[in-house]
Each structure stands twice: as C-alpha cells, then as structure tokens.
Amino acid sequence: MRNYLFIAPLLLCVVGCSNAPETGRKQFIAISSAQEIKLGQDAFLEILSEEETITTGSDYEMVQRIGRRVAAAASRLYPNAIRDYEWKFALIDDDEMVNAWALPGGKCAVYTGLLPVTQNENALAIVMAHEVGHVIARHGAERATQSMVAGAIASYAMKDLNEGERNLVLQAYGVSIALPFSRTQESEADQIGLFVAADAGYDPRESIPLWQRMANASGGAPFEFLSTHPSSKTRIKQLNGWMPKAMLYYEHAKAR
C-alpha cells in the first residue's frame with residue numbers, strides 16, 4: 001500500500017490551498033465557488049420540490065427576519081466568502097425534523113421541528129448563523145474534495161487487498177481522519193456562526209442554553225471519539241472561549 005501513498009499529497013497540491021476563516025486552518029478544495037453556487041441552487045430546488053413549505057405566519061416572518069440580518073452580517077464580516085450570493089430562506093413544515101441547513105449560494109432552510117428546541121429568536125439565529133458558517137468556510141466543497149482524494153487512494157492503494165482488509169482500512173480512515181475532520185468543521189461553524197449572529201444583533205450568550213437544549217433533545221449521543229460533532233461539553237467550553245469577541249460584535253451591533 002505504501003507505494004501509492006504519495007498520491008494523496010500530490011492531489012492535495014494540485015487542487016490548491018485556502019484558509020478557513022477565523023481559525024486559519026489550511027483547506028484543500030477542488031471545487032470552484034461558481035460550481036458550489038450552481039450545486040447549491042440545484043439542491044435547494046430539488047429539496048423544496050419534495051417538501052411542504054410555509055410561506056405565511058409569524059414563524060415564517062421570524063425566519064425571514066433572521067435571514068436578512070444574518071445575511072447582512074455575513075456580508076460585513078466575510079464579504080469575499082459569499083460574493084454573488086442570492087439569499088433565500090425557507091421554512092419547511094416538518095415537526096419531526098429538528099434541523100436547519102444552508103447551501104452554497106445562500107440557500108437556507110429551517111424545519112418547524114427545530115422551533116420548540118430553539119424557543120426564541122436569538123437561539124434560532126444562532127442555529128441559522130451556524131449553518132451559514134459552514135457555507136462561509138466552504139465545508140461542503142472541502143468534504144467533496146476529501147471524498148475525491150479518498151476515492152483515488154482507495155482505487156490504487158487498496159486494489160490488492162481482500163474485502164476484509166479493505167474494510168479495516170476504511171474503518172480506520174473514518175475514525176482517524178473523517179470524523180475528527182468533521183468535528184473540526186463543526187467547531188469552525190460554531191465560531192463563525194457565533195460571530196455572525198452577534199454582528200446581526202442577536203445575543204450570543206443564548207448559544208449556551210441553546211446547545212444544552214439541543215443536547216437534551218438529541219438523547220444519548222455517542223462518545224466524542226466516534227462522533228461527527230463535538231460533545232456538548234466541548235462545544236459549550238469553546239463557545240465560552242469565543243464569547244468575549246462575540247460580545248464585542250453584539251455591543252457594536254446594538255450601537256449601530
């Protein structure tokens with residue numbers, strides 16, 4: 001297998017480097033911003049074609065209000081990351097789904113099942129800004145690049161392995177690389193989202209009780225070692241560490 005391990009760094013050099021906002025972490029991304037935006041638009045239309053959306057009422061108006069303020073804050077803080085974005089925010093009628101998402105190009109959605117957990121506008125803004133944080137940091141394109149590299153390695157490095165050996169290698173890859181990588185992205189989205197929400201005029205201190213409620217709503221979560229997300233304890237510790245800077249954004253937003 002070691003004869004083919006040179007392929008990974010070679011591919012990473014070919015696709016080019018960038019840096020994640022706030023953390024400065026090196027990123028390797030093989031998809032252009034224009035491709036991302038097109039993929040985001042196509043996915044948004046496809047998803048909404050299969051879902052029932054809400055277009056009136058107080059919850060819908062809240063989502064739109066948060067969306068406008070979060071989009072404006074993202075443009076102020078990270079203008080280069082979201083050039084040419086056309087923001088749209090949908091409210092999907094699904095009380096069983098406790099979720100929200102954002103796609104490249106500024107296409108975002110909130111499920112009604114999230115609202116009983118967020119409980120208030122500040123908390124919902126924290127979640128929506130978190131999802132926008134993934135887009136600002138280009139995490140989707142980064143994961144797609146990671147999959148491309150992993151596929152290339154699998155095609156060459158494991159071609160002489162039997163099925164059992166391939167499964168062991170893939171399991172080791174998931175635990176040692178893919179899962180920590182995902183946790184890193186989640187933490188970055190937490191940080192970026194906290195600053196965006198604060199700059200949008202939403203109280204970042206609401207993030208602590210929010211994630212405590214999210215942890216309770218999720219039930220028994222797996223150990224952080226085997227999870228794609230940081231543990232609630234880790235997440236709250238990190239949020240408290242970023243809070244002083246977030247509060248500066250918040251105080252400035254209130255004075256604006």
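Everything numeric here is computed off the predicted structure, so don't read it as measured data.
Gln27 places a side-chain N or O within donor-acceptor distance of the main-chain N or O of Ala20, the cut-off being under 3.5 Å. No side-chain donor-acceptor contact under 3.5 Å links Arg235 to the backbone of Trp211.
With sequence neighbours excluded, the residues that form a side chain to side chain contact (heavy atoms under 4.5 Å, CB included) with Lys245 are Glu22, Phe195, Tyr249. Take Pro204 and apply the side chain to side chain contact (heavy atoms under 4.5 Å, CB included) test, not counting sequence neighbours, and it matches Leu194, Ala198, Met243, Ala246, Met247, Tyr250.
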Distance-only donor-acceptor hits, side chain of residues 97-106, under 3.5 Å, sequence neighbours excluded:
unit_1 : atom_1 : unit_2 : atom_2 : d
Trp101 : NE1    : Tyr111 : OH     : 3.1

Please set out all donor-acceptor pairs under 3.5 angstrom arising from side-chain atoms of residues 32-49, sequence neighbours excluded.
unit_1 : atom_1 : unit_2 : atom_2 : d
Ser32  : OG     : Gln35  : N      : 3.1
Ser32  : OG     : Gln35  : OE1    : 3.3
Gln35  : OE1    : Ser32  : N      : 2.8
Glu36  : OE1    : Arg138 : NE     : 2.5
Glu36  : OE1    : Arg138 : NH2    : 2.8
Lys38  : NZ     : Asp42  : OD1    : 3.2
Lys38  : NZ     : Asp42  : OD2    : 2.6
Ser49  : OG     : Glu46  : O      : 2.6

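A salt bridge is absent between Arg256 and Glu251; no separation between the charged side-chain nitrogens and carboxylate oxygens falls under 4.0 Å.
Members clustered with Leu248: none, using a 4.5 Å side-chain heavy-atom cutoff among hydrophobic residues.
Counted by atom type alone, Thr234 and Arg183 present zero donor-acceptor pairs between their side chains at under 3.5 Å. His134 and Glu186 form a side-chain donor-acceptor contact under 3.5 Å, judged by distance and modelled atom types alone. Residues Asp199 and His252 have side chains that never bring a donor and an acceptor to within less than 3.5 angstrom of each other. Between the side chains of Gln191 and Gln238, no donor N or O sits under 3.5 Å from an acceptor N or O.
Contact of the Glu121 side chain with the Arg69 side chain is registered, since non-hydrogen atoms from C-beta on lie closer than 4.5 Å. Residues Met62 and Leu124 are in side-chain contact: their nearest non-hydrogen atoms beyond the backbone lie under 4.5 Å apart. Within the 4.5 Å cutoff, side-chain heavy atoms of Val196 are placed close to those of Ile192. A 4.5 Å side-chain heavy-atom check between Leu210 and Asn120 finds every atom pair outside the cut-off. Taking 4.5 Å as the limit, some side-chain heavy atom of Arg143 sits within range of a side-chain heavy atom of Ser182. Looking at Met128 and Val63, their side chains come closer than 4.5 Å, going by heavy atoms from C-beta outward.
The stretch residues 86-97 participates, sequence neighbours left out, in these side-chain hydrogen bond (donor to acceptor under 3.5 Å, both in side chains) pairs: Asp95-Thr112.
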### Query
Going through the distances and angles, do Arg25 and Glu142 end up as a salt bridge (Lys or Arg N to Asp or Glu O under 4.0 Å)?
CA-CA 12 Å; Arg25 178 178 59 85; Glu142 192 176 15; 2.5 Å; yes
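Both Ile66 and Tyr60 belong to a single network of hydrophobic side chains, linked directly or stepwise wherever heavy atoms of I, L, V, M, F, W or Y lie under 4.5 Å apart.
Atom NZ of Lys254 is surrounded by more than 12 heavy atoms from other residues, nucleotides or ligands within 6.0 Å.
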